[in-house]
Every structure is written in structure tokens, then in C-alpha cells.
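Side chains are part of it too, since the values below use all heavy atoms of this structure and drop only hydrogens, waters and symmetry mates. Note that the structure is predicted; figures quoted are calculated from it, not measured.
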Amino acid sequence: MKKLLTVLFTSLLIVSCVAAKPNKNTTEKAKETKTQAAEVKKPAEDPQMVKLNKVLLSMSGRFKADFKNGDPKEFLADLQKVLDAEKDFRSDDLSLYYLIDKKHNVGESYVPKDLVSLVKNNYYNISRNDLSLRPDVEAALVEMAKGAKKDGITLLVSSTYRSYEYQKNLFQKWVRIDGLEEAERESAREGTSQHQLGVAIDFGNIEDSFIQTSQGKWLNEHSEEYGWSLSFPQGYEDVTGFRWECWHFRYIGVEACKFQKKWFNDVQQYMIEFIDAWKNYEN
């Protein structure tokens, strides 16, 4: 982030200097008479740059340390592509970029619109018969599964949409098994799970060993090409609130995956937090 912020800080600093530094001739004339003083006008600030600077400054210290160097104009152009892609999302449901985590939740009554039940098909396998996803997300799953099939991989979908009540019972189950502290690292409380949005999938055996399987390796290498992002990467528990889950992927779209990889150290939480802060920015 150093280069990006440096550019922004410099631009703001230049504005301040121009406004503050008096013209030599103006100073001399001012000594003779105030009425002859030349007016020093402050150059107009680019509101997008000012907004970017303030939003970035509002982010966490680790976010700032991990943020990629680059041209702020290029960053804003890439951001616009992501926001333009959002216009194609269905407007009657929560955005695919919706921020949900331990600090941001949805209510007990929220259920994604028009959930599609997953059934036996020619593209991917399912572990049980009570799985469902948002229709746009299921369509994206099919596209990714087709890509995996071409490489000889058949994806296994093990967990998808979870209701508020289901997540509540699941969290309490892990509290009974592992205790509250460990449960907080491995299971979301009700209302705070990406699964309730109908946009997330747990693949395979839902164990750390999944990364060593053919499915795990393929997803790790290719998922972002189809708009799927690993939600809880290794080494970022202090950022995401959860330990590494190599099997948990969220659909956010191809443009967002590119944006995440290019600027946010490929950390989904950083990007979603930034987009949320950008949308909610107030002067």
C-alpha cells in the first residue's frame, strides 16, 4: 500500500503547499497595500482520490501492510469494474459482496430468494439431498464443475445454504464438543455465516486433508477463474475470525476475484471490507 498511499498523500500535500505558499510578487505588493494582493486559489481536489485516501486510512493496520502498491487511478478503474459487475446481480436480494462476519450479520428471518435445491446431475456430486444455493450461485457452480470435469475432476458439494436456526444448532454442537473458545474459531454463530447467504460451499471431506486431494488442489489453482474465492486462508485468522478452511469457497464473481488477487493480497475479507467501507463512506 505504500506507493498508493504515498501518491495520495503527496497529491494532498501539493494542494496544501500551493494554497499556503505566497507568490513572491504578491508578497511585495501586499507590503504596499492589501488591496493589491493577488488571490491564491486552491486547486480543486479529486473527490474520488480524497475518498480513496480516507477509506484506506480507515482500514486496519494489517490491511494497510498487506495492501498492494500501485497507481491509485488504476485501482479506482479496477474498483469500478467490480461495482459495474454488481449491477448484473439480482436486485431483489443481498449483493454477492455483502459483508457478513463476526461483526456484521443478517437477521433470523433472512432467507435467500428462490433457493435452488441441488440434485444429482452430470456436473458435480452432492453428499446429501438437502442442499441448496441461490440460483445465480448454483449456475456458477455448474460452470466451475464443467471446468473441473475437463481436467478429470468431479467436485463434491458437502454443505451449502444453512438457515439461521441450523447454524445456531451447529454452533452449539461444536461448543459441546470442543468448548466455546475452539468453537468460535471453527464455526460461525447464527446470523454471521456466509452459508446463510446461500453463496458459500464446503467441498469434499471438510477436513484439512482436503487440500491434498485432487479436488482441493484443483480448486486452489482454478476456483478464482470461475468467480469462487477461498474465504478463510491460512495465516489470517486474526483477519477473518476463523482458522484456515481449505474447503470453504464463496462465489463473488470473476471481476471481484481479479480485484482481490491484484490489490488485496488475495484475501477475500480485505476486499469485502473495503467495498463495504467504500459504499458506506460519508464526507
Do the ring centers of Phe274 and Tyr270 come within less than 6.0 Å of each other?
no
Quick one: hydrophobic cluster around Phe171, which other residues, with the 4.5 Å side-chain cut-off, linked directly or via members?
Val175, Leu180
For Tyr166, the other hydrophobic cluster members (4.5 Å side-chain criterion, sorted by chain and number) are Leu170, Trp174, Ile177
Under a 4.0 Å threshold between the charged nitrogen and the carboxylate oxygen, would [Y] count as salt-bridged to [X]?
{"X": "Arg90", "Y": "Asp114", "answer": "yes"}
{"X": "Asp136", "Y": "Arg134", "answer": "yes"}
{"X": "Asp238", "Y": "Arg62", "answer": "yes"}
{"X": "Asp46", "Y": "Lys73", "answer": "no"}
{"X": "Lys51", "Y": "Glu282", "answer": "no"}
{"X": "Asp84", "Y": "Lys81", "answer": "no"}

May I ask you to test the Leu133-Leu115 pair for a side-chain heavy-atom distance under 4.5 Å?
no
What residue pairs, at least two apart or across chains, pass ring-ring contact (aromatic ring centres under 6.0 Å, His included) with a residue in residues 94-121?
Phe89-Tyr97
side-chain hydrogen bond (donor to acceptor under 3.5 Å, both in side chains) partners of residues 115-126, not counting sequence neighbours, each pair once:
Tyr124-Glu138
If the plane angle is over 60° it's perpendicular, under 30° parallel, otherwise tilted; pick one for Phe210 and Phe203.
parallel
Exercise answer: donor-acceptor pairs, residues 182-193 side-chain atoms, under 3.5 Å, sequence neighbours excluded:
{"unit_1": "Glu182", "atom_1": "OE1", "unit_2": "Arg185", "atom_2": "NH1", "d": "3.4"}
{"unit_1": "Glu182", "atom_1": "OE2", "unit_2": "Arg185", "atom_2": "NH1", "d": "3.1"}
{"unit_1": "Glu184", "atom_1": "OE2", "unit_2": "Arg189", "atom_2": "NE", "d": "3.0"}
{"unit_1": "Glu184", "atom_1": "OE2", "unit_2": "Arg189", "atom_2": "NH2", "d": "2.8"}
{"unit_1": "Arg185", "atom_1": "NE", "unit_2": "Glu237", "atom_2": "OE1", "d": "3.4"}
{"unit_1": "Arg185", "atom_1": "NE", "unit_2": "Glu237", "atom_2": "OE2", "d": "2.6"}
{"unit_1": "Arg185", "atom_1": "NH2", "unit_2": "Glu237", "atom_2": "OE1", "d": "2.9"}
{"unit_1": "Glu186", "atom_1": "OE2", "unit_2": "Arg243", "atom_2": "NE", "d": "3.1"}
{"unit_1": "Thr192", "atom_1": "OG1", "unit_2": "Arg189", "atom_2": "N", "d": "3.2"}
{"unit_1": "Thr192", "atom_1": "OG1", "unit_2": "Arg189", "atom_2": "O", "d": "2.7"}
{"unit_1": "Ser193", "atom_1": "OG", "unit_2": "His195", "atom_2": "N", "d": "3.0"}

Partner set under side chain to side chain donor-acceptor pair (under 3.5 Å) for Glu225, not counting sequence neighbours:
His222
